[in-house]
Amino acid sequence: MTTQTQSAQLIATSRFQLSPQERADIEHAISHYPDARAASIDALKIVQANHGWVPDGAIPEIAGVLGIPASDVEGVATFYSQIFRVPVGRHIVRLCDSMVCYINGHEDVLAALRAKLGIGYGETTTDSRFTLLPVCCLGNCDKGSTLMIDDDTYGGLTPEQVVELLEKYA
Amino acid sequence: MRLSSWGPSNTIAKTPETHPLTWRLRDDGQPVWLAEYESKNGYAGLRKALGELAPADIVGLVKDSGLKGRGGAGFPTGVKWGLMPPSDGVTPRYLLCNADEMEPNTWKDRLLMEQMPHLLIEGMIISARALAATTGYIFLRGEYVDAARNLNRALDEARAAGLLGSNILGSGFDFELYVHTGAGRYICGEETALINSLEGRRANPRSKPPFPAAVGVWGKPTCVNNVETLSNVPAIVANGIQWYHGLARPGSEDHGTKMMGFSGKVKNPGVWELPFGVTARELFEDYAGGMRDGYTLKAWQPGGAGTGFLLPEHLEAQMYAGGIGKVGTRMGTGLAMAVDNSISMVSLLRNMEEFFARESCGWCTPCRDGLPWSVKILRALERGEGQSGDVETLLGLVGFLGPGKTFCAHAPGAVEPLGSAIKYFRDEFDAGVAVQPAQAATA
Ligand SMILES: Cc1cc2nc3c(=O)[nH]c(=O)nc-3n(C[C@H](O)[C@H](O)[C@H](O)COP(=O)(O)O)c2cc1C
Ligand code: SF4
Ligand code: FES
């Protein structure tokens with residue numbers, strides 16, 4: 001990362017503010033629990049739904065709403081695999097890499113995705129369109145190699161069909 | 001193909017007497033919403049529990065039914081419920097549903113929640129009544145977006161119909177139930193890690209004792225049960241013990257039915273509700289149709305990634321805890337996987353241990369450091385670059401990470417398939433050891 005974009009990000013960080021809607025959504029989540037801390041994952045997800053990831057500046061903001069230390073929010077944010085602490089692509093491709101999909105052709109699908117996108121697990125395409133991640137068994141073990149693109153689940157696809165499917169996600 | 005949980009359990013012949021979990025499923029796989037659920041005798045168990053039974057009676061029924069946990073460990077549900085302190089003590093008390101289903105080759109709770117959300121909700125209300133819990137949470141893995149949508153809609157329906165909330169059906173019993181969605185990490189399914197995660201903390205397991213029944217979520221008495229376990233409760237209450245005890249096949253020590261499945265390169269992979277005590281061969285041949293043409297069965301696993309591998313000759317085993325125990329492993333989640341002749345055991349175990357290593361919560365040393373070590377060795381063996389002594393090192397790790405040696409059952413689950421794979425397929429592992437130059441010269 002260049003120093004220029006780094007400083008641009010720092011400015012963005014210091015300016016991060018939760019929107020009134022985000023605040024309201026977090027408050028609503030808190031109402032489901034006897035202790036506000038329990039809403040920390042919900043809060044991170046609410047921010048992520050709007051921004052695609054959780055920018056640094058969101059951490060102290062969320063901590064403020066929940067009334068807990070920012071380090072605790074960061075500890076949670078970095079533990080869970082579906083909370084992103086770096087920018088990701090517009091679409092998240094989650095490929096099941098568990099054992100039944102392994103038996104049913106996961107490696108071939110992964111190879112096709114790598115070839116098409118030029119990225120491996122944990123990476124984002126240079127055009128910021130896709131991020132590729134492994135995911136635990138998606139509960140479709142009867143349906144061949146399985147993946148999710150954003151909230152859509154697919155299975156039983158050949159590697160070629162998986163590559164074609166990407167076209168639906170601009 | 002966009003996926004749904006539609007499968008063979010939607011279309012096989014089912015009756016209320018023999019398939020208490022799945023008989024209401026629709027042929028088209030669409031969710032069974034409240035009106036249809038009630039028209040198929042839904043919430044009859046709840047009405048009986050609230051109208052005719054005291055909480056202690058419900059606990060007694062579940063104890064006598066012999067229902068055992070369906071989350072993988074098979075602990076008797078009634079015994080677990082009996083560990084909750086008397087209800088005149090500490091309040092509030094919590095009922096948590098473990099819907100974190102992430103165990104590789106476990107795909108039963110998803111089907112039940114997507115297509116039969118009211119059965120789980122009814123089971124939770126009855127169970128909450130039995131345990132005097134006033135709040136419940138369904139801890140659902142984040143990727144199950146369809147299950148989340150269907151459960152939330154069903155919860156709205158139940159609330160609107162007076163089946164949930166305050167003074168349920170005029171009984172004076174109050175219970176509120178929420179869906180809590182997770183954010184990844186397999187370890188959240190371990191029940192004390194689940195409690196930490198629900199509290200908004202990192203999902204490291206807690207030490208036991210104290211058990212959740214005494215000190216659970218927010219320090220209060222808490223019961224954690226699996227989706228399928230809780231889904232068994234309505235029919236037990238509605239139909240009684242005698243009926244429940246008639247369900248399993250002769251020879252089975254476990255009672256009732258179980259969602260069982262077979263996956264891998266079988267002709268007809270699927271999940272079916274079957275009586276405990278069917279043989280693995282019936283499941284494999286009659287239901288899953290045996291291997292696809294061109295493939296033969298090399299090994300199989302009875303119930304998820306954390307159970308040991310077995311050989312084709314073990315298919316005679318009956319599917320219940322003791323039946324699978326006799327052939328040396330555990331029933332686990334009851335969804336079996338076929339390994340065919342095209343699969344290398346070393347590569348398969350490399351894939352599995354990568355999963356277990358990645359999903360270790362990192363809390364205790366044997367697991368945090370031992371699992372990546374096993375991955376490193378397996379990768380080397382897979383490339384044919386193993387060193388002499390590597391297989392012995394793997395066996396050493398199987399010992400060091402076994403039951404009782406680590407903080408939770410994650411590591412023992414990780415090494416059980418490894419130990420059994422080496423036991424039955426040692427030659428494949430040995431073949432990954434590189435021939436040393438000295439040996440090569442004398443060969
Ligand atoms: C690493 C690990 C992961 C687990 N994952 C799950 C899970 O996803 N779902 C589940 O019901 N139980 C899971 N369990 C078992 C739970 O700890 C617990 O035994 C279960 O929720 C109890 O419910 P039951 O008695 O109704 O089966 C897991 C256990 C371990 C050690
Ligand atoms: S055994 Fe593994 S998952 Fe369990 S507490 Fe130890 S490090 Fe965490
Ligand atoms: S192993 Fe991939 S969906 Fe189950």
Work out which heavy atom in [X] is nearest to a heavy atom in [Y]; give both atom names and the distance.
X         : Y         : value
Ile103(A) : Lys265(B) : O-NZ, 3.2 Å
Leu138(A) : Tyr144(B) : O-CE1, 3.5 Å
Cys188(B) : Tyr80(A)  : SG-CE2, 3.6 Å
Ile41(A)  : Thr181(B) : CG2-O, 4.3 Å

Of the options Arg185(B), Met102(B), Glu101(B), which is the one that meets Cys136(A) in a side-chain contact (heavy atoms from CB on, under 4.5 Å)?
->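 Going through the options one by one, the only one that passes is Met102(B).
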Check whether any side-chain heavy atom of [X] lies under 4.5 Å from a side-chain heavy atom of [Y], and answer yes or no.
X         : Y         : answer
Tyr102(A) : Pro104(B) : no
Trp107(B) : Asn140(A) : no
Pro34(A)  : Tyr94(B)  : yes
Glu143(B) : Thr153(A) : no

Name the region of Asp42(A), side chain, backbone, both or neither, that has any atom closer than 4.5 Å to a heavy atom of chain B.
->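 The side chain, not the backbone.
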Contact part of Met148(A) toward chain B, heavy-atom cut-off under 4.5 Å: side chain, backbone, both or neither?
->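 Contact with chain B: side chain only.
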Pair Tyr33(A), His180(B): side-chain N/O donor-acceptor within cut-off below 3.5 Å |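 Yes, a side-chain donor-acceptor pair sits under 3.5 Å.
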Region of Arg350(B) in contact with chain A, defined by heavy-atom distances below 4.5 Å =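 Side chain only.
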Would you call Arg202(B) and Asp72(A) a salt bridge, using N to O less than 4.0 angstrom?
->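 Between Asp72(A) and Arg202(B) there is no salt bridge, as every charged N stays at least 4.0 Å from the carboxylate O atoms.
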May I have all residue pairs that pass ring pair (Phe, Tyr, Trp, His ring centres under 6.0 Å) and include part of residues 111-148 of chain A, sequence neighbours excluded?
->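 Sorted result for residues 111-148 of chain A: His91(A)-Phe130(A).
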Would you say Tyr287(B) has more than 12 foreign heavy atoms packed within less than 6.0 Å of its OH?
->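 No.
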